[in-house]
Amino acid sequence: MRLEKDVFGEGAMEALGVAFSSALKAGMVVYLEGDLGMGKTTMVRGILRGLGYQGPVKSPTYTIVEPYELSTMEAYHFDLYRVSDPEELEFMGVRDYFSEGSVCLIEWAEMGRGILPEADVMISLGLIKQGRNVLLESQTEKGNEALNVLRDIITS
Ligand SMILES: Nc1ncnc2c1ncn2[C@@H]1O[C@H](COP(=O)(O)OP(=O)(O)OP(=O)(O)O)[C@@H](O)[C@H]1O
Ligand SMILES: [Mg+2]
């Protein structure tokens, strides 16, 4: 399934993240694609807020992964922009982050090709005048169910 939405401004981007969070289930993997500054981290901030996290959400560009202990699940926010060799991901034990009890939100997932699990939902962000075009595509049955829920939320 495929959902598309034009989103104007940072607040609206976070709001879409919040809406998406209520469709997310533990065990899911989400890739966020789009150029530098397209709003990937902003969307993740909204998702984490929606899952009940109130603190700051910074880009894990240098730490590669930032963990969040949420009441319902664990979340891991990855930014693989600075990863130059997939071996770095092996060394940090990246596979251990993926489990039925955690949700993984990944920026620059292409740097981990061959190592990371496939995405349940792929979110692609592109520039439009004064905003961003957001395309959400499911790649698994779990992802499909999530986007069905999201569609009901954003069209109601
Ligand atoms: N829908 C939107 N419309 C307009 N501006 C937006 C929107 N979403 C995010 N922005 C702005 O885009 C800028 C970059 O956002 P963000 O840091 O989330 O991008 P990113 O894709 O994570 O970048 P990077 O690849 O560097 O990690 C921020 O200033 C944010 O406010
Ligand atoms: Mg970012």
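Below, all heavy atoms of this structure are taken into account, side chains as well, without hydrogens, waters or symmetry copies. In listed order, ligands and their atoms are each counted from 1.
- Geometrically, ligand 1 and Phe8 share no nitrogen or oxygen pair separated by less than 3.5 Å.
- Atom OE1 is the N, O or S atom of Glu107 at the shortest distance from the Mg ion (ligand 2).
- Taking the six-membered ring where the residue is Trp, Tyr97 and Tyr76 present perpendicular rings, their angle passing 60° and hence far from 30°.
- Taking distance alone, with nitrogen or oxygen atoms compared against 3.5 Å, Gly131 stays at or beyond that limit from ligand 1.
- Residue Tyr81 places every heavy atom at 4.0 Å or more from ligand 1.
- In terms of protein heavy atoms, atom 28 (C) of ligand 1 is closest to Glu10 OE1, 4.4 Å.
- For ligand 1, the atoms closer than 4.0 angstrom to any heavy atom of Met38 are 19 (O), 20 (P), 21 (O).
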- Query: So Leu127 and Met38, side-chain contact (heavy atoms from CB on, under 4.5 Å) or not? Walk me through it.
  - Reply: CA-CA 7 Å; Leu127 194 63; Met38 263 323 110; 4.1 Å; yes
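- Scanning the protein for heavy atoms near atom 19 (O) of ligand 1, the closest one is Gly39 N, 2.9 Å.
- Taking hydrophobic clusters as Ile, Leu, Val, Met, Phe, Trp and Tyr residues chained together by side-chain heavy-atom distances below 4.5 Å, Tyr81 shares a cluster with Val29.
- With respect to atom 27 (O) of ligand 1, the closest heavy atom belonging to the protein is Glu107 OE1, 3.1 Å.
- If you check which protein heavy atom lies closest to atom 1 (N) of ligand 1, you get Val7 O, 3.0 Å.
- For atom 17 (O) of ligand 1, the closest heavy atom belonging to the protein is Thr41 CB, 4.1 Å.
- Considering backbone and side-chain atoms together, Met13 places no N or O closer than 3.5 Å to any N or O of ligand 1.
- Note that CG of Leu89 and CD1 of Ile115 are 5.0 Å apart. Values are rounded to the nearest 0.5 Å.
- In this structure a side-chain-to-backbone donor-acceptor pair under 3.5 Å is present from Ser138 to Met1.
- Of the candidates Ser59, Gly9, Gly17, Gly9 brings a heavy atom nearest to atom 4 (C) of ligand 1.
- The backbone N or O of Glu66 lies less than 3.5 Å from no partner atom in the side chain of Thr63, so there is not a single donor-acceptor pair.
- Here the CG-CD1 distance, from Asp79 to Ile106, works out to 11.0 Å after rounding to the nearest 0.5 Å.
- Looking at atom 23 (O) of ligand 1, its nearest protein heavy atom turns out to be Gly37 N, 2.9 Å.
- For the 3.5 Å distance criterion, the side chains of Thr41 and Glu107 qualify, holding a donor opposite an acceptor.
- Protein heavy atom in closest approach to atom 20 (P) of ligand 1: Lys40 N, 3.4 Å.
- For Thr41, the nearest N, O or S atom to the Mg ion (ligand 2) falls under 2.8 Å.
- When each atom of ligand 1 is checked for a heavy atom of Trp108 under 4.0 Å away, the hits are 25 (O).
- Formation of a donor-acceptor pair under 3.5 Å by the Lys40 side chain with backbone atoms of Gly34 is found in this model.
- Of the possible donor and acceptor atoms, none in the side chain of Asp120 sits under 3.5 Å from a partner among the backbone N and O of Lys142.
- In summary, Glu90 and Arg95 engage in a salt bridge, as defined by a charged side-chain N under 4.0 Å from a carboxylate O.
- For atom 10 (N) of ligand 1, the closest non-hydrogen atom of the protein is Arg132 NH2, 3.7 Å.
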